[in-house]
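Counting convention: from 1, in listed order, for ligands and their atoms alike.
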Amino acid sequence: MTSAGGRDGGLEVVPVGVGSAYARYGEAQSCYLVRCAGAQVCLDMGAGSLNRLQAHLAPEDLTAVVVSHLHPDHMIDLLSLRVYMAWGPAAGRVLPVWGPPGLRDRLAAHGDEGLHALSFAELAPAGGDVDLGGGLTLRYRTVPHLEPTFALRLELNGASVCFGADCRPNDALVELATDADVLICECSFGAGEVPEGVPHMTAADAGGTARRAGARRLLLTHCYPEFDRDEALAAARRAAGDGVEVQWAVQDHAVRA
Ligand SMILES: [Zn+2]
Ligand SMILES: [Zn+2]
């Protein structure tokens with residue numbers, strides 16, 4: 001379970017769901033709770049994450065949700081969150097949701113009941129900065145994956161957590177993750193190979209991204225169940241070099257930025 005860290009003036013990230021497009025038993029899909037004294041923000045909300053999130057806070061106490069892209073493993077639990085926010089114990093509050101253009105319509109395709117409990121704001125394809133309140137700033141850039149996909153960086157008083165979303169290796173993520181305290185990076189294909197034309201990474205790609213960015217710590221995530229986790233970790237460490245602390249993102253285990 002998470003510590004009380006992040007509420008004492010610092011910034012921390014709690015992996016809530018670390019699964020890939022299909023997850024291992026026990027894994028929820030993409031969701032990272034980033035919090036500090038004045039803000040509690042979920043990056044993504046994949047399948048199973050709303051349930052697991054409640055180990056850490058009441059969902060109505062989120063100050064924002066930011067969605068990286070429209071693949072279901074990164075946003076599908078917003079369908080449940082809207083019901084919770086509209087008719088659950090916090091009915092009447094409205095939760096800000098930042099995401100790609102089309103996010104609201106995608107949810108409304110399943111019926112627009114409860115959508116009044118979420119207020120939608122679009123991330124701009126050109127990238128940008130957003131003041132999320134509580135001293136927390138969101139910076140974002142598009143990365144090569146489903147069009148558009150946004151890599152996300154949250155900063156508080158010089159501390160930073162960068163989330164690469166899903167993507168193939170690219171310079172935009174390296175730039176966004178420059179000198180990050182924590183880089184959360186996908187490694188869908190573990191120690192294997194990415195099939196031709198597939199916009200995802202191996203663990204070595206993730207390690208190389210962290211090394212190029214000068215990130216202090218790399219949290220590997222979003223790995224298909226078939227790949228050996230120990231081999232992937234070793235491959236990421238070889239690629240990252242000595243300057244980067246590399247570990248798996250572990251559900252419920254908070255990491256300080
Ligand atoms: Zn994904
Ligand atoms: Zn994706």
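Between the side chains of His56 and Asp252, at least one donor N or O lies within less than 3.5 Å of an accepting N or O.
Judged by distance alone, the side chain of Thr63 and the main-chain N or O of Gln40 form a donor-acceptor pair under 3.5 Å.
The aromatic rings of His200 and His145 sit perpendicular to each other, their planes meeting at more than 60°, with 30° as the lower class boundary. In this structure, Phe227 and Tyr224 have tilted ring planes: the angle between them lies in the 30° to 60° band.
Looking only at N/O/S atoms, His71 comes nearest to the Zn ion (ligand 2) through ND1. Considering just the N/O/S atoms of Asp73, the one nearest the Zn ion (ligand 1) carries the name OD2.
Distance check for His69 against the Zn ion (ligand 1): none of its N/O/S atoms falls below 2.8 Å. Between the Zn ion (ligand 1) and Glu186 there is no N/O/S contact shorter than 2.8 Å. In summary, His74 places no N/O/S atom under 2.8 Å from the Zn ion (ligand 2), failing the contact criterion. Within the coordination shell of the Zn ion (ligand 2), defined by N, O or S atoms under 2.8 Å, Asp166 is present.
Taking each heavy atom of Val34 and Val13 in turn, the nearest pair found is CG2-CG2, 3.9 Å.
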